[in-house]
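Lettering follows sequence order; numbering is per chain, from 1. Values below: all heavy atoms of this structure, side chains included; hydrogens, waters and symmetry mates excluded.
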There are 2 protein chains.
Amino acid sequence: MVNDLINSNSSTTQILILKAARKIFIKKGLSGARMQEIADEAGINKALLHYYYRTKDNLFNAVFMEALKHIQSEFFIILNSDRDLFDKIRFFFDRYISFLQENSFLPGFIIHEINQNPDRLVEFFKNAGIRPPINLIIQVSEEVKNQRIIPINPIQFLLNMLSLAIFPIIASPLIKGIFEIDDPDYKDIIEQRKKELAEWFIDSIMIKKSSNEEQKE
Amino acid sequence: MVNDLINSNSSTTQILILKAARKIFIKKGLSGARMQEIADEAGINKALLHYYYRTKDNLFNAVFMEALKHIQSEFFIILNSDRDLFDKIRFFFDRYISFLQENSFLPGFIIHEINQNPDRLVEFFKNAGIRPPINLIIQVSEEVKNQRIIPINPIQFLLNMLSLAIFPIIASPLIKGIFEIDDPDYKDIIEQRKKELAEWFIDSIMIKKSSNEEQKE
DNA sequence: GTCTATATAACGATAGAC
DNA sequence: GTCTATCGTTATATAGAC
(Lines give C-alpha, C1' and ligand atoms only; values in the text may rest on other atoms or scores of the structure.)
Protein backbone atom coordinates (compact mmCIF):
# COMPACT_ATOMS: atom_id res chain seq x y z
CA MET A 1 0.00 0.00 0.00
CA VAL A 2 0.80 3.65 -0.05
CA ASN A 3 2.07 3.69 3.50
CA ASP A 4 4.75 1.21 2.68
CA LEU A 5 6.23 3.80 0.40
CA ILE A 6 6.22 6.53 3.00
CA ASN A 7 7.39 4.63 6.01
CA SER A 8 9.42 5.84 8.97
CA ASN A 9 12.62 5.72 6.95
CA SER A 10 11.30 8.16 4.39
CA SER A 11 13.74 10.95 3.74
CA THR A 12 12.72 14.55 3.57
CA THR A 13 13.34 14.40 -0.17
CA GLN A 14 10.82 11.65 -0.69
CA ILE A 15 8.21 13.61 1.19
CA LEU A 16 9.06 16.65 -0.90
CA ILE A 17 8.62 14.65 -4.07
CA LEU A 18 5.30 13.21 -3.01
CA LYS A 19 4.04 16.65 -2.04
CA ALA A 20 5.01 18.07 -5.42
CA ALA A 21 3.62 15.09 -7.30
CA ARG A 22 0.36 15.43 -5.43
CA LYS A 23 0.02 19.05 -6.46
CA ILE A 24 0.84 18.49 -10.14
CA PHE A 25 -0.98 15.20 -10.70
CA ILE A 26 -4.16 16.33 -8.97
CA LYS A 27 -4.22 19.49 -11.03
CA LYS A 28 -3.24 18.05 -14.42
CA GLY A 29 -3.95 14.36 -14.26
CA LEU A 30 -1.66 11.50 -15.23
CA SER A 31 -1.38 12.29 -18.92
CA GLY A 32 -1.19 16.05 -18.41
CA ALA A 33 1.53 16.04 -15.75
CA ARG A 34 5.23 16.22 -16.64
CA MET A 35 8.02 14.70 -14.60
CA GLN A 36 10.04 17.85 -15.17
CA GLU A 37 7.27 19.96 -13.71
CA ILE A 38 7.09 17.79 -10.61
CA ALA A 39 10.85 17.99 -10.19
CA ASP A 40 10.74 21.79 -10.49
CA GLU A 41 7.90 21.97 -7.97
CA ALA A 42 9.92 19.87 -5.54
CA GLY A 43 13.05 21.95 -6.20
CA ILE A 44 15.09 18.90 -7.17
CA ASN A 45 16.42 17.18 -10.25
CA LYS A 46 14.36 15.04 -12.58
CA ALA A 47 16.65 12.05 -12.15
CA LEU A 48 15.92 12.02 -8.45
CA LEU A 49 12.27 11.29 -9.09
CA HIS A 50 13.29 8.10 -10.84
CA TYR A 51 15.70 7.25 -8.07
CA TYR A 52 12.84 7.21 -5.57
CA TYR A 53 9.94 6.02 -7.68
CA ARG A 54 11.54 4.46 -10.78
CA THR A 55 8.63 5.28 -13.12
CA LYS A 56 6.04 7.98 -13.61
CA ASP A 57 3.35 5.37 -13.17
CA ASN A 58 4.67 4.36 -9.77
CA LEU A 59 4.73 7.94 -8.59
CA PHE A 60 1.25 8.50 -9.91
CA ASN A 61 -0.04 5.41 -8.17
CA ALA A 62 1.31 6.59 -4.85
CA VAL A 63 -0.52 9.89 -5.27
CA PHE A 64 -3.71 8.34 -6.56
CA MET A 65 -4.04 5.67 -3.90
CA GLU A 66 -3.34 8.18 -1.19
CA ALA A 67 -5.94 10.56 -2.61
CA LEU A 68 -8.55 7.83 -2.81
CA LYS A 69 -7.84 6.82 0.76
CA HIS A 70 -8.09 10.42 1.89
CA ILE A 71 -11.44 11.18 0.31
CA GLN A 72 -13.04 7.89 1.21
CA SER A 73 -11.90 7.82 4.83
CA GLU A 74 -13.38 11.27 5.38
CA PHE A 75 -16.56 10.02 3.80
CA PHE A 76 -16.77 6.82 5.81
CA ILE A 77 -15.92 8.42 9.12
CA ILE A 78 -18.98 10.58 8.67
CA LEU A 79 -21.37 8.00 7.32
CA ASN A 80 -20.45 5.19 9.66
CA SER A 81 -20.40 7.37 12.76
CA ASP A 82 -22.79 6.54 15.55
CA ARG A 83 -25.46 9.17 15.11
CA ASP A 84 -29.12 9.61 14.49
CA LEU A 85 -29.81 9.73 10.74
CA PHE A 86 -30.78 13.39 10.67
CA ASP A 87 -27.75 14.37 12.69
CA LYS A 88 -25.61 12.36 10.36
CA ILE A 89 -27.01 14.27 7.39
CA ARG A 90 -26.23 17.59 9.07
CA PHE A 91 -22.77 16.39 9.97
CA PHE A 92 -22.19 15.17 6.42
CA PHE A 93 -23.10 18.36 4.59
CA ASP A 94 -21.17 20.54 6.98
CA ARG A 95 -18.02 18.52 7.26
CA TYR A 96 -17.80 16.97 3.81
CA ILE A 97 -18.35 20.24 2.00
CA SER A 98 -15.72 21.88 4.21
CA PHE A 99 -13.38 19.07 3.34
CA LEU A 100 -14.09 19.48 -0.37
CA GLN A 101 -13.55 23.23 -0.17
CA GLU A 102 -10.03 22.61 1.06
CA ASN A 103 -9.46 19.88 -1.53
CA SER A 104 -11.42 21.18 -4.45
CA PHE A 105 -9.48 19.36 -7.16
CA LEU A 106 -9.54 16.01 -5.40
CA PRO A 107 -12.94 14.61 -6.46
CA GLY A 108 -12.53 15.69 -10.08
CA PHE A 109 -9.09 14.14 -10.18
CA ILE A 110 -10.30 10.82 -8.84
CA ILE A 111 -13.36 10.68 -11.07
CA HIS A 112 -11.33 11.53 -14.15
CA GLU A 113 -8.63 8.95 -13.48
CA ILE A 114 -11.13 6.23 -12.68
CA ASN A 115 -12.90 7.01 -15.94
CA GLN A 116 -9.58 6.57 -17.73
CA ASN A 117 -8.84 3.32 -15.99
CA PRO A 118 -11.52 1.75 -13.79
CA ASP A 119 -9.13 -1.04 -12.78
CA ARG A 120 -7.36 1.38 -10.48
CA LEU A 121 -10.41 1.36 -8.24
CA VAL A 122 -10.55 -2.44 -8.20
CA GLU A 123 -6.92 -2.54 -7.17
CA PHE A 124 -7.55 0.01 -4.45
CA PHE A 125 -10.37 -2.01 -2.95
CA LYS A 126 -8.29 -5.16 -3.11
CA ASN A 127 -5.45 -3.51 -1.21
CA ALA A 128 -7.41 -1.39 1.21
CA GLY A 129 -10.24 -3.79 1.97
CA ILE A 130 -12.93 -1.15 1.81
CA ARG A 131 -16.64 -1.84 1.82
CA PRO A 132 -19.75 0.15 0.95
CA PRO A 133 -21.22 2.30 3.77
CA ILE A 134 -23.48 -0.49 4.97
CA ASN A 135 -24.13 1.31 8.20
CA LEU A 136 -25.92 4.19 6.53
CA ILE A 137 -27.77 1.99 4.09
CA ILE A 138 -29.22 -0.05 6.93
CA GLN A 139 -30.05 3.09 8.85
CA VAL A 140 -31.99 4.53 5.91
CA SER A 141 -33.90 1.29 5.42
CA GLU A 142 -34.81 1.28 9.11
CA GLU A 143 -36.10 4.84 9.07
CA VAL A 144 -38.16 4.03 6.00
CA LYS A 145 -39.66 1.05 7.78
CA ASN A 146 -40.38 3.14 10.88
CA GLN A 147 -42.05 5.69 8.65
CA ARG A 148 -39.82 8.50 9.85
CA ILE A 149 -38.75 9.17 6.26
CA ILE A 150 -40.43 8.68 2.91
CA PRO A 151 -39.95 5.40 1.06
CA ILE A 152 -36.67 5.82 -0.78
CA ASN A 153 -34.07 3.50 -2.21
CA PRO A 154 -31.02 3.93 0.07
CA ILE A 155 -28.77 4.08 -2.97
CA GLN A 156 -30.80 6.96 -4.38
CA PHE A 157 -30.61 8.59 -0.97
CA LEU A 158 -26.84 8.37 -0.98
CA LEU A 159 -26.56 9.44 -4.62
CA ASN A 160 -28.59 12.54 -3.82
CA MET A 161 -26.41 13.47 -0.86
CA LEU A 162 -23.21 12.94 -2.79
CA SER A 163 -24.45 14.80 -5.84
CA LEU A 164 -25.58 17.84 -3.88
CA ALA A 165 -22.28 18.04 -1.99
CA ILE A 166 -19.73 17.18 -4.64
CA PHE A 167 -20.99 18.47 -7.98
CA PRO A 168 -20.92 22.19 -7.16
CA ILE A 169 -17.27 21.77 -6.19
CA ILE A 170 -16.02 19.82 -9.20
CA ALA A 171 -18.00 21.90 -11.68
CA SER A 172 -17.21 25.24 -10.09
CA PRO A 173 -15.24 26.73 -13.00
CA LEU A 174 -18.08 25.79 -15.35
CA ILE A 175 -20.80 27.16 -13.07
CA LYS A 176 -18.86 30.34 -12.39
CA GLY A 177 -18.46 30.80 -16.14
CA ILE A 178 -22.08 30.16 -17.06
CA PHE A 179 -23.61 32.32 -14.36
CA GLU A 180 -20.89 34.94 -14.40
CA ILE A 181 -20.07 34.52 -10.73
CA ASP A 182 -16.68 35.57 -9.40
CA ASP A 183 -14.62 33.66 -6.85
CA PRO A 184 -15.73 35.38 -3.63
CA ASP A 185 -19.38 35.22 -4.65
CA TYR A 186 -19.11 31.54 -5.44
CA LYS A 187 -17.47 30.95 -2.09
CA ASP A 188 -20.52 32.58 -0.48
CA ILE A 189 -22.81 30.28 -2.43
CA ILE A 190 -20.96 27.23 -1.18
CA GLU A 191 -21.08 28.60 2.36
CA GLN A 192 -24.81 29.06 2.00
CA ARG A 193 -25.14 25.46 0.84
CA LYS A 194 -23.25 24.29 3.89
CA LYS A 195 -25.76 26.10 6.09
CA GLU A 196 -29.01 25.35 4.28
CA LEU A 197 -28.60 22.11 2.37
CA ALA A 198 -28.95 19.76 5.33
CA GLU A 199 -32.20 21.24 6.62
CA TRP A 200 -33.73 21.35 3.15
CA PHE A 201 -32.67 17.78 2.47
CA ILE A 202 -33.98 16.51 5.80
CA ASP A 203 -37.25 18.31 5.20
CA SER A 204 -37.55 16.66 1.82
CA ILE A 205 -37.35 13.12 3.18
CA MET A 206 -38.92 13.49 6.62
CA ILE A 207 -42.50 12.36 7.09
CA LYS A 208 -44.29 15.11 8.97
CA LYS A 209 -46.59 14.16 11.75
CA SER A 210 -50.18 15.25 11.23
CA SER A 211 -51.11 18.39 13.18
CA ASN A 212 -53.13 16.29 15.64
CA GLU A 213 -50.19 14.19 16.61
CA GLU A 214 -47.96 17.20 16.69
CA GLN A 215 -50.02 18.83 19.43
CA LYS A 216 -48.87 16.28 21.96
CA GLU A 217 -45.31 17.61 22.01
CA MET B 1 -17.47 29.29 -34.60
CA VAL B 2 -17.58 25.56 -34.92
CA ASN B 3 -20.08 25.63 -37.72
CA ASP B 4 -17.72 27.60 -39.88
CA LEU B 5 -15.46 24.61 -39.82
CA ILE B 6 -18.14 22.16 -40.83
CA ASN B 7 -19.91 24.14 -43.48
CA SER B 8 -21.68 22.92 -46.58
CA ASN B 9 -18.37 22.50 -48.42
CA SER B 10 -17.07 20.04 -45.85
CA SER B 11 -15.81 16.87 -47.41
CA THR B 12 -16.73 13.46 -46.13
CA THR B 13 -13.19 13.11 -44.88
CA GLN B 14 -13.43 16.15 -42.69
CA ILE B 15 -16.63 14.85 -41.15
CA LEU B 16 -14.95 11.49 -40.60
CA ILE B 17 -12.06 13.18 -38.86
CA LEU B 18 -14.29 15.23 -36.61
CA LYS B 19 -16.31 12.17 -35.68
CA ALA B 20 -13.18 10.24 -34.76
CA ALA B 21 -11.69 13.20 -32.89
CA ARG B 22 -14.89 13.59 -30.93
CA LYS B 23 -14.78 9.98 -29.81
CA ILE B 24 -11.13 10.00 -28.77
CA PHE B 25 -10.91 13.47 -27.22
CA ILE B 26 -14.10 13.06 -25.21
CA LYS B 27 -12.89 9.74 -23.85
CA LYS B 28 -9.25 10.62 -23.17
CA GLY B 29 -9.08 14.39 -22.98
CA LEU B 30 -6.68 16.72 -24.74
CA SER B 31 -3.49 15.50 -23.10
CA GLY B 32 -4.48 11.84 -23.18
CA ALA B 33 -5.51 11.69 -26.83
CA ARG B 34 -3.03 10.80 -29.62
CA MET B 35 -3.24 12.06 -33.17
CA GLN B 36 -2.34 8.57 -34.38
CA GLU B 37 -5.28 7.11 -32.49
CA ILE B 38 -7.66 9.62 -34.05
CA ALA B 39 -6.29 8.86 -37.50
CA ASP B 40 -6.76 5.12 -36.93
CA GLU B 41 -10.29 5.67 -35.67
CA ALA B 42 -11.08 7.69 -38.80
CA GLY B 43 -9.40 5.09 -41.00
CA ILE B 44 -7.10 7.63 -42.58
CA ASN B 45 -3.52 8.76 -42.40
CA LYS B 46 -2.10 10.91 -39.65
CA ALA B 47 -0.86 13.53 -42.10
CA LEU B 48 -4.39 14.11 -43.26
CA LEU B 49 -5.42 15.33 -39.84
CA HIS B 50 -2.88 18.12 -40.16
CA TYR B 51 -3.98 18.85 -43.69
CA TYR B 52 -7.48 19.64 -42.44
CA TYR B 53 -6.80 21.05 -38.98
CA ARG B 54 -3.10 21.96 -38.99
CA THR B 55 -2.57 21.36 -35.26
CA LYS B 56 -3.85 19.09 -32.53
CA ASP B 57 -5.02 22.12 -30.64
CA ASN B 58 -7.18 23.27 -33.54
CA LEU B 59 -8.80 19.89 -33.86
CA PHE B 60 -9.39 19.76 -30.14
CA ASN B 61 -10.97 23.18 -30.16
CA ALA B 62 -13.41 22.16 -32.87
CA VAL B 63 -14.47 19.18 -30.78
CA PHE B 64 -14.59 21.08 -27.52
CA MET B 65 -16.60 24.05 -28.77
CA GLU B 66 -19.04 21.74 -30.50
CA ALA B 67 -19.44 19.68 -27.32
CA LEU B 68 -20.04 22.76 -25.22
CA LYS B 69 -22.62 24.01 -27.67
CA HIS B 70 -24.33 20.65 -27.68
CA ILE B 71 -24.66 20.27 -23.93
CA GLN B 72 -25.65 23.85 -23.30
CA SER B 73 -28.23 24.10 -26.07
CA GLU B 74 -29.98 21.01 -24.74
CA PHE B 75 -29.91 22.62 -21.31
CA PHE B 76 -31.21 25.99 -22.42
CA ILE B 77 -33.95 24.60 -24.64
CA ILE B 78 -35.36 22.93 -21.57
CA LEU B 79 -34.90 25.73 -19.07
CA ASN B 80 -36.02 28.55 -21.30
CA SER B 81 -39.05 26.72 -22.65
CA ASP B 82 -42.45 28.20 -22.02
CA ARG B 83 -43.77 26.02 -19.25
CA ASP B 84 -45.02 26.13 -15.73
CA LEU B 85 -42.12 25.77 -13.27
CA PHE B 86 -43.14 22.32 -12.04
CA ASP B 87 -43.61 21.04 -15.58
CA LYS B 88 -40.26 22.44 -16.49
CA ILE B 89 -38.67 20.52 -13.62
CA ARG B 90 -40.31 17.30 -14.80
CA PHE B 91 -39.24 18.00 -18.35
CA PHE B 92 -35.70 18.74 -17.24
CA PHE B 93 -35.07 15.59 -15.23
CA ASP B 94 -36.61 13.36 -17.87
CA ARG B 95 -35.01 14.83 -20.95
CA TYR B 96 -31.69 15.99 -19.58
CA ILE B 97 -30.92 12.69 -17.89
CA SER B 98 -31.87 10.86 -21.10
CA PHE B 99 -29.54 13.15 -22.97
CA LEU B 100 -26.75 12.49 -20.50
CA GLN B 101 -27.28 8.74 -20.70
CA GLU B 102 -26.58 8.89 -24.40
CA ASN B 103 -23.61 11.22 -23.91
CA SER B 104 -22.25 9.97 -20.65
CA PHE B 105 -18.67 11.15 -21.17
CA LEU B 106 -19.66 14.63 -22.30
CA PRO B 107 -20.10 16.46 -18.99
CA GLY B 108 -16.96 14.96 -17.46
CA PHE B 109 -14.99 15.91 -20.54
CA ILE B 110 -16.16 19.50 -20.46
CA ILE B 111 -15.63 19.92 -16.74
CA HIS B 112 -12.16 18.44 -16.91
CA GLU B 113 -11.02 20.56 -19.82
CA ILE B 114 -12.44 23.74 -18.32
CA ASN B 115 -10.59 22.95 -15.11
CA GLN B 116 -7.41 22.64 -17.16
CA ASN B 117 -8.00 25.90 -18.97
CA PRO B 118 -10.90 28.11 -17.86
CA ASP B 119 -10.19 30.55 -20.68
CA ARG B 120 -11.76 28.13 -23.14
CA LEU B 121 -15.11 28.87 -21.57
CA VAL B 122 -14.57 32.62 -21.82
CA GLU B 123 -13.76 32.22 -25.49
CA PHE B 124 -16.85 30.10 -26.03
CA PHE B 125 -19.12 32.71 -24.51
CA LYS B 126 -17.47 35.43 -26.52
CA ASN B 127 -18.06 33.55 -29.78
CA ALA B 128 -21.45 32.04 -29.05
CA GLY B 129 -23.02 34.95 -27.21
CA ILE B 130 -24.61 32.79 -24.56
CA ARG B 131 -26.25 34.06 -21.41
CA PRO B 132 -27.31 32.55 -18.10
CA PRO B 133 -30.79 30.95 -18.01
CA ILE B 134 -32.46 34.19 -16.91
CA ASN B 135 -35.86 32.84 -17.77
CA LEU B 136 -35.73 30.14 -15.12
CA ILE B 137 -34.12 32.39 -12.52
CA ILE B 138 -36.94 34.89 -12.86
CA GLN B 139 -39.49 32.13 -12.78
CA VAL B 140 -38.10 30.75 -9.53
CA SER B 141 -38.06 34.21 -7.95
CA GLU B 142 -41.67 34.73 -8.97
CA GLU B 143 -42.82 31.45 -7.49
CA VAL B 144 -41.02 32.27 -4.27
CA LYS B 145 -42.78 35.64 -4.14
CA ASN B 146 -46.14 33.99 -4.85
CA GLN B 147 -45.43 31.56 -2.04
CA ARG B 148 -45.86 28.55 -4.29
CA ILE B 149 -42.37 27.36 -3.40
CA ILE B 150 -40.19 27.78 -0.35
CA PRO B 151 -37.81 30.74 -0.17
CA ILE B 152 -34.74 29.60 -2.06
CA ASN B 153 -31.89 31.32 -3.85
CA PRO B 154 -32.50 30.60 -7.56
CA ILE B 155 -28.83 29.79 -8.00
CA GLN B 156 -29.05 27.15 -5.28
CA PHE B 157 -32.18 25.86 -6.95
CA LEU B 158 -30.36 25.44 -10.24
CA LEU B 159 -27.26 23.99 -8.60
CA ASN B 160 -29.41 21.36 -6.91
CA MET B 161 -31.10 20.39 -10.16
CA LEU B 162 -27.84 20.19 -12.06
CA SER B 163 -26.09 18.27 -9.29
CA LEU B 164 -28.82 15.67 -8.99
CA ALA B 165 -28.94 15.11 -12.74
CA ILE B 166 -25.29 15.26 -13.74
CA PHE B 167 -23.21 13.88 -10.88
CA PRO B 168 -24.52 10.29 -10.99
CA ILE B 169 -23.56 10.20 -14.65
CA ILE B 170 -20.05 11.58 -14.46
CA ALA B 171 -19.18 9.64 -11.33
CA SER B 172 -20.74 6.39 -12.46
CA PRO B 173 -17.55 4.29 -12.58
CA LEU B 174 -16.69 5.48 -9.07
CA ILE B 175 -20.17 4.82 -7.69
CA LYS B 176 -20.37 1.44 -9.38
CA GLY B 177 -17.02 0.56 -7.86
CA ILE B 178 -17.83 1.68 -4.34
CA PHE B 179 -21.25 0.10 -4.13
CA GLU B 180 -20.37 -2.93 -6.20
CA ILE B 181 -23.09 -2.30 -8.76
CA ASP B 182 -22.82 -3.76 -12.24
CA ASP B 183 -23.74 -1.98 -15.47
CA PRO B 184 -27.35 -3.15 -15.91
CA ASP B 185 -28.16 -2.49 -12.26
CA TYR B 186 -26.72 0.99 -12.47
CA LYS B 187 -28.75 1.63 -15.59
CA ASP B 188 -31.85 0.69 -13.59
CA ILE B 189 -30.86 3.13 -10.87
CA ILE B 190 -30.57 5.96 -13.38
CA GLU B 191 -33.92 4.98 -14.89
CA GLN B 192 -35.44 5.11 -11.43
CA ARG B 193 -33.98 8.60 -10.94
CA LYS B 194 -35.54 9.72 -14.19
CA LYS B 195 -38.93 8.59 -12.92
CA GLU B 196 -38.78 9.68 -9.29
CA LEU B 197 -36.38 12.59 -9.02
CA ALA B 198 -38.72 15.24 -10.39
CA GLU B 199 -41.60 14.47 -8.05
CA TRP B 200 -39.35 14.28 -5.04
CA PHE B 201 -37.65 17.52 -5.97
CA ILE B 202 -40.94 19.31 -6.60
CA ASP B 203 -42.26 18.04 -3.30
CA SER B 204 -39.22 19.37 -1.52
CA ILE B 205 -39.71 22.95 -2.72
CA MET B 206 -43.49 23.18 -3.00
CA ILE B 207 -45.41 24.93 -0.25
CA LYS B 208 -48.35 22.73 0.63
CA LYS B 209 -51.67 24.33 1.15
CA SER B 210 -53.14 23.77 4.60
CA SER B 211 -55.83 21.07 4.66
CA ASN B 212 -58.53 23.75 5.02
CA GLU B 213 -57.58 25.45 1.81
CA GLU B 214 -57.13 22.16 0.07
CA GLN B 215 -60.78 21.22 0.58
CA LYS B 216 -61.88 23.84 -1.90
CA GLU B 217 -60.44 22.02 -4.92
C1' DG C 1 -6.67 15.13 -51.35
C1' DT C 2 -4.13 11.38 -49.73
C1' DC C 3 -0.23 8.89 -49.01
C1' DT C 4 5.00 7.65 -47.27
C1' DA C 5 8.88 9.30 -45.29
C1' DT C 6 11.10 12.28 -42.29
C1' DA C 7 12.15 16.35 -39.48
C1' DT C 8 11.88 18.20 -34.88
C1' DA C 9 10.82 18.50 -30.38
C1' DA C 10 9.36 16.64 -25.90
C1' DC C 11 9.30 13.30 -22.59
C1' DG C 12 10.45 9.34 -19.65
C1' DA C 13 14.22 6.94 -18.18
C1' DT C 14 19.24 5.61 -17.43
C1' DA C 15 24.51 6.04 -16.93
C1' DG C 16 28.00 7.68 -14.53
C1' DA C 17 30.57 11.37 -11.86
C1' DC C 18 30.72 13.26 -7.29
C1' DG D 1 21.67 10.67 -2.27
C1' DT D 2 22.06 14.12 -5.76
C1' DC D 3 23.68 15.97 -9.76
C1' DT D 4 24.80 16.55 -15.27
C1' DA D 5 24.62 14.55 -19.49
C1' DT D 6 22.55 11.65 -22.63
C1' DC D 7 19.96 7.72 -24.57
C1' DG D 8 15.74 5.82 -26.66
C1' DT D 9 11.02 6.52 -27.69
C1' DT D 10 7.12 8.63 -28.79
C1' DA D 11 4.53 12.67 -30.28
C1' DT D 12 3.37 16.51 -33.20
C1' DA D 13 4.17 18.39 -37.39
C1' DT D 14 6.03 19.00 -42.23
C1' DA D 15 7.99 17.80 -47.04
C1' DG D 16 7.32 15.91 -51.10
C1' DA D 17 5.67 12.17 -54.27
C1' DC D 18 1.45 10.66 -56.46
[X] side-chain proximity, nearest of [options]:
{"X": "B:Ile44", "options": "D:dT12, C:dC3, D:dT4", "value": "C:dC3"}
{"X": "B:Ala47", "options": "D:dC3, D:dA11, D:dT14", "value": "D:dT14"}
{"X": "B:Lys56", "options": "C:dT4, C:dT14, D:dA13", "value": "D:dA13"}

Using OP1 and OP2 only, check whether a side-chain N or O of [X] sits under 4.0 Å from [N].
{"X": "B:Thr55", "N": "D:dT12", "answer": "no"}
{"X": "A:His50", "N": "C:dT14", "answer": "no"}
{"X": "B:Tyr51", "N": "D:dT14", "answer": "no"}

Rounded at 0.5 Å granularity, tell me how far CD1 in B:Ile38 sits from CG in B:Leu16.
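Here the rounded value is 12.5 Å.
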Atom NZ of B:Lys195 and atom CG of B:Leu197: how far apart are they, to the nearest 0.5 Å?
12.5 Å
Rounded to whole angstrom units, what separation is found between the [atom1] atom of [X] and the [atom2] atom of [N]?
{"X": "A:Phe60", "N": "C:dC11", "atom1": "CZ", "atom2": "P", "result": "18 Å"}
{"X": "B:Leu49", "N": "C:dG1", "atom1": "CG", "atom2": "P", "result": "15 Å"}
{"X": "B:Lys28", "N": "D:dA11", "atom1": "NZ", "atom2": "P", "result": "10 Å"}
{"X": "A:Ile38", "N": "C:dA10", "atom1": "CD1", "atom2": "C1'", "result": "15 Å"}
{"X": "B:Gln36", "N": "D:dT14", "atom1": "CD", "atom2": "P", "result": "16 Å"}
{"X": "B:Gln14", "N": "C:dT2", "atom1": "CD", "atom2": "P", "result": "10 Å"}
{"X": "B:Asn45", "N": "D:dT14", "atom1": "CG", "atom2": "C1'", "result": "12 Å"}
{"X": "B:Leu48", "N": "C:dT2", "atom1": "CG", "atom2": "C1'", "result": "6 Å"}

If each of A:Tyr52 and A:Lys46 is mapped to the nucleotide of DNA chain D with the nearest heavy atom, which maps nearer the 5' terminus, i.e. the 5' end?
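Closer to the 5' end of DNA chain D: A:Tyr52.
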Go through the steps for B:Tyr96 and B:Phe75 under the test ring-ring contact (aromatic ring centres under 6.0 Å, His included), then give the verdict.
CA-CA 7 Å; B:Tyr96 207 62; B:Phe75 179 59; 5.7 Å; yes
Go through the steps for B:Glu66 and B:Lys69 under the test salt bridge (Lys or Arg N to Asp or Glu O under 4.0 Å), then give the verdict.
CA-CA 5 Å; B:Glu66 180 202 55; B:Lys69 193 164 189 63; over 6 Å; no
Would A:Arg193 count as a cation-pi partner of A:Phe93, with NZ or CZ less than 6.0 Å from the six-membered ring centre and within 45° of the ring normal?
no
Answer with base, sugar-phosphate or nothing: what part of the nucleic acid does A:Ala39 contact at a heavy-atom distance below 4.0 Å?
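The residue A:Ala39 makes no contact with any strand.
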